Amino acid sequence: MVALLVHRAFRYDRPDLGDAALAAHVRERFFTAYMGTDHSSTATRSAAAALAAEVGATHYDGAIQGAVKTHLDILRDMTGVQLSWSDPAHDIPLQNVQARLRGSLIWMVANLHGALLLATSNKSEAAVGYATMDGDTSGGLSPLTDVPKSLIAVWLAWAAEFHGYDSLAQVLATPATAELRPAEQAQTDEGDLMPYDILDRLMYQFVQLGQDPAEMARALWPTLRERYGDDRSAFADHVALFVRKFCFAQWKRERFAISFRVTAFDLDPKGGFRFPPVQAPFTEELEELRAWASDPEE
């Protein structure tokens, strides 16, 4: 979505330019990059290249697996620890080393061109900290930090039809995924978290309406009951997961790049939602949520 917003900004800024002239104008000023590892798929590489070509960006395609291996070797030599996907305790460092190497490299690309680096994290990711500090959060401006993921999906479908971006068919055909784990683990964003439309509803109830976990559950359950197969515990698990992650992610939101106000409420601690970085993560309130989940008569 960031690439499309930039492209539309160029179009609206220079309405006097024809298609060919605009393409040349954009190519000199807009740069994108794909930095693959062994866990990257041909689908995401192809989609990135197609979208970059359609918006006219200068696109770079690089491989960072060698750099990942170098970092793992250095860590082994320093600590004696050989990180392995077979050890669940190594999952986060193995994922994050990839994202942080991409952050370092894309900063180099930005510096090379004297350009402003745009971060790609969205509001849903910011809410639950589903972003790597100094990785995909890298940038001087974060255009999507106040745009929920469910809205992004709707906007992309609209833009594909209204503006005729043919490459978005490839983007929309691929489930959102960080591709930081081995392919056989079939990682997806919603698999790691929950369906984005549910996450975004919880975010609204929690931040905009100021509801505690049990209040959120009671308010949303009538419209979500059928979707969860009348399983209160499964829904309560998602509510608890959201609340815990939201609480733990405040320190990340404190460090996000500046953004724009788009919706009725934002999570920017500098000008919007204030929340203590250190706090008891709704421990008592989550107990009340569990009591609600175990009492179908309530």
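Treat the numbers as computed from the prediction; the structure is a model and nothing was measured. Computation of the quantities below employed the complete heavy-atom set of this structure, encompassing side-chain atoms and omitting hydrogens, waters and symmetry-equivalent molecules.
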May I ask you to say whether [X] pairs ionically with [Y], meaning some side-chain N is under 4.0 Å from a carboxylate O?
| X | Y | answer |
| --- | --- | --- |
| Asp268 | Arg253 | no |
| Asp192 | Lys245 | no |
| Asp237 | Arg290 | yes |
| Arg218 | Glu288 | yes |

Compare every heavy atom of Ile258 with every heavy atom of Leu141, then report the nearest pair and how far apart it is.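 Reported closest heavy-atom pair: CD1-O, 3.4 Å.
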
Provide the closest heavy-atom pair for Ala178 versus Asp189 in the form atom of the first, atom of the second, distance.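 Reported closest heavy-atom pair: N-OD1, 3.4 Å.
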
Check: [X] side chain, [Y] main-chain N or O, donor-acceptor pair, under 3.5 Å:
| X | Y | result |
| --- | --- | --- |
| His39 | Ala183 | no |
| Thr283 | Ala280 | no |
| Gln95 | Ile92 | no |
| Lys123 | Thr145 | no |
| Gln250 | Cys247 | no |
| His71 | Ala67 | yes |
| Ser46 | Ala43 | no |
| Gln98 | Leu180 | yes |
| Thr44 | Ser41 | yes |
| Gln208 | Gln205 | no |

Students often mix this up, so state it plainly: with edges at 30° and 60°, are the rings of [X] and [Y] parallel, tilted or perpendicular?
| X | Y | value |
| --- | --- | --- |
| Trp158 | Trp155 | tilted |
| Phe242 | Phe246 | tilted |
| Phe10 | His25 | perpendicular |

Reported [atom1]-to-[atom2] distance for the pair [X] and [Y], which is rounded to 0.5 angstrom:
| X | Y | atom1 | atom2 | answer |
| --- | --- | --- | --- | --- |
| Gln170 | Tyr165 | CD | OH | 15.5 Å |
| Lys149 | Asp200 | NZ | CG | 10.0 Å |
| Ser138 | Leu118 | OG | CG | 12.0 Å |
| Leu144 | Phe260 | CG | CZ | 9.5 Å |
| Ile106 | Tyr60 | CD1 | OH | 9.5 Å |
| Ser124 | Leu202 | OG | CG | 10.5 Å |

Residue pair Arg45, Asp61: steps toward the salt bridge (Lys or Arg N to Asp or Glu O under 4.0 Å) verdict: CA-CA 8 Å; Arg45 171 177 275 110; Asp61 191 316; 3.2 Å; yes

Answer yes if the side chains of [X] and [Y] hold a donor-acceptor pair under 3.5 Å, and no otherwise.
| X | Y | value |
| --- | --- | --- |
| Ser233 | Tyr228 | no |
| Ser259 | Asp146 | no |
| Arg11 | His7 | no |
| Thr32 | His59 | yes |

Report yes if some heavy atom in the side chain of Val6 is under 4.5 Å from a heavy atom in the side chain of Val55; otherwise report no.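 No. Closest side-chain heavy atoms not under 4.5 Å.
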
Taking the side chain as every heavy atom from C-beta outward, state whether Leu83 and Pro93 have any atom pair closer than 4.5 Å.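 The answer is yes; the side chains approach within 4.5 Å.
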
Are Arg227 and Asp197 close enough, and set up right, to give a salt bridge (Lys or Arg N to Asp or Glu O under 4.0 Å), and what steps lead you there? CA-CA 12 Å; Arg227 187 164 174 182; Asp197 66 306; 2.5 Å; yes

Please confirm whether Arg232 makes a cation-pi placement over Trp292, using NZ or CZ under 6.0 Å from the six-membered ring centre and within 45° of the ring normal.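 Yes, a cation-pi geometry.
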
Should the pair Arg201 and Tyr196 be classed as cation-pi, given the thresholds of under 6.0 Å to the six-membered ring centre and 45° from the axis?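 Checked: cation-pi criterion not met.
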
Given ring-ring contact (aromatic ring centres under 6.0 Å, His included), test Phe282 with Phe206 step by step and report yes or no. CA-CA 12 Å; Phe282 286 77; Phe206 190 63; 5.2 Å; yes

Quick check on Asp19: does its CG atom have over 12 non-hydrogen neighbours (other residues, nucleotides or ligands) under 6.0 Å away?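 Count not over threshold, so no.
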
